[in-house]
Amino acid sequence: MSGFDRVCAPVTRTRHATGIEVVPSPEALRSVSARLEARGFSRDAIDVAEVIGALPLLERLLSAETEAARARGPDAELRLLRLRMAISERIQLAMLDVSSTLAVIDCEGERGDALRVRLQATEDRRARRLGLASILVGAATAALSGGLSLGGASAGGDIAGIVGGTTEASVATALLFGEASGRLRTERNLLREVWERPPRSELFPRTVWRYLTRRPVDAPDRSAPAETVAAEWRAGERFGPAGSQAERDRTLLLFGAGGTYTVQELEMRDAMLDLLEASIALMSETLRILVIELGERPFAEGPGAGG
């Protein structure tokens with residue numbers, strides 16, 4: 001199977017796509033967020049904890065810290081340790097989800113690059129051949145028209161020049177407007193998922209999909225990351241003039257199950273994948289914030305709490 005026919009499938013897709021996800025209501029989330037902020041967690045840490053399903057564990061951690069401050073002992077500290085480990089496991093799984101998704105995006109980019117390199121090589125060979133043909137036509141035209149002029153057939157020389165010029169123009173036109181193209185399969189199209197934003201993704205891990213489609217609770221009017229990425233894809237009439245047939249054709253190609261791509265369209269697809277990859281990579285930074293804030297918390301709060 002060639003590089004541009006290979007299908008990039010995340011190994012975690014089935015488990016995450018079929019898992020049951022419980023999303024708290026905005027009111028409940030605001031209440032929990034206020035309690036966590038009052039106990040030292042930042043908004044970024046709370047948001048990503050909700051994304052990865054760790055909010056209930058953080059609430060239990062607060063209760064365990066309060067209990068440990070009242071009655072210190074090995075049992076209380078063991079409970080704190082277990083809760084910290086459970087939260088850390090959620091964070092580690094989310095980090096693996098991010099890494100897996102970025103690997104799949106890289107794979108999709110490599111598939112497009114493999115086809116693009118092949119098409120570019122075809123166009124380069126074609127350009128060299130047409131360039132050589134143009135030189136030969138020019139030389140033959142000059143020789144023929146010159147010979148006819150020397151022989152006294154000036155009209156014949158003029159005709160030869162016209163024919164030769166027309167031939168050279170045809171070669172130049174073929175060089176300017178001819179494009180190599182090739183087929184690329186995209187049945188499992190990550191770009192389509194982000195473009196359409198279904199409630200549940202069949203291609204992205206649950207945590208990554210929640211991160212991409214979630215709007216901040218404290219700013220519900222702000223766009224979700226997936227909405228921002230899709231808006232950047234549309235910017236500058238990337239797909240063609242708004243409402244045009246070119247726009248409809250290119251949208252169908254980029255977000256469909258596959259089709260015939262030119263080098264320009266493959267470069268466009270690669271740029272779109274890069275934007276998506278950069279957006280998802282930012283999730284690692286928010287997970288890092290949660291790890292730092294969790295590590296900075298003492299094992300108990302109140303008088304006599306240890307660091």
Check: Glu193 side chain, Glu202 main-chain N or O, donor-acceptor pair, under 3.5 Å:
yes
Give the minimum heavy-atom separation between Leu58 and Ala49, together with the two atoms involved.
CD1-CB, 3.5 Å
If we ignore hydrogens and angles and just use 3.5 Å, is the side chain of Tyr261 paired with the main-chain N or O of Leu253 as donor and acceptor?
yes
Closest heavy-atom pair and its distance - Gly240, Ser244:
C-OG, 4.1 Å
Taking C-beta and beyond as the side chain, do Leu36 and Leu55 meet within less than 4.5 Å on heavy atoms?
yes
So, do Leu254 and Trp233 sit near enough that their side-chain heavy atoms are less than 4.5 Å apart?
no
For the residue pair Ile289 and Val48, establish whether any side-chain heavy-atom pair is separated by less than 4.5 Å.
no
Answer yes or no: does atom CZ of Arg60 have more than 12 heavy-atom neighbours from other residues, nucleotides or ligands under 6.0 Å?
no
Would you name the heavy atoms of Gly258 and Arg183 that are closest together and state the gap between them?
C-NH2, 4.3 Å
Would you call the rings of Phe255 and Phe239 parallel, tilted or perpendicular, where under 30° means parallel and over 60° means perpendicular?
perpendicular
With distance as the sole test, does Arg248 use its side chain to make a donor-acceptor pair with the main-chain N or O of Gly243 at under 3.5 Å?
yes
Do you see a donor-acceptor pair shorter than 3.5 Å between the side chains of Ser31 and Arg35?
yes
Could you check whether Arg79 and Ser63, counting side-chain N and O atoms only, form a donor-acceptor pair closer than 3.5 Å?
no
Any heavy-atom pair between the side chains of Ile46 and Glu50 that's under 4.5 Å?
no
Report yes if the side chains of Arg297 and Arg39 come closer than 4.5 Å at any heavy-atom pair, otherwise no.
yes
Side-chain donor or acceptor of Glu293 paired with backbone N/O of Ser42 under 3.5 Å
yes
Would you indicate whether the side-chain heavy atoms of Leu282 and Tyr211 approach each other to under 4.5 Å?
yes
Test side chain to side chain contact (heavy atoms under 4.5 Å, CB included) applied to Leu119 and Arg116, step by step
CA-CA 5 Å; Leu119 296 180; Arg116 180 173 56 82; 5.8 Å; no
Test your reading of the model: is there a side-chain donor-acceptor pair from Arg84 to the backbone of Leu294, 3.5 Å cut-off?
yes
Side chains of Arg269 and Thr186: does their closest heavy-atom pair fall under 4.5 Å?
yes
Sub-4.5 Å side-chain heavy-atom contact between Asp47 and Val51:
no
Ser279 (side chain) donor-acceptor with Leu276 (main chain) under 3.5 angstrom
no
Closest non-hydrogen atom pair between Arg238 and Glu232, with its separation:
NH2-O, 3.5 Å
Among Leu287, Thr207, Ile52, find the residue that satisfies the side chain to side chain contact (heavy atoms under 4.5 Å, CB included) test when tested with Met95.
Leu287
Nearest heavy atoms of Arg197 and Val194, plus distance in Å:
CG-O, 3.0 Å
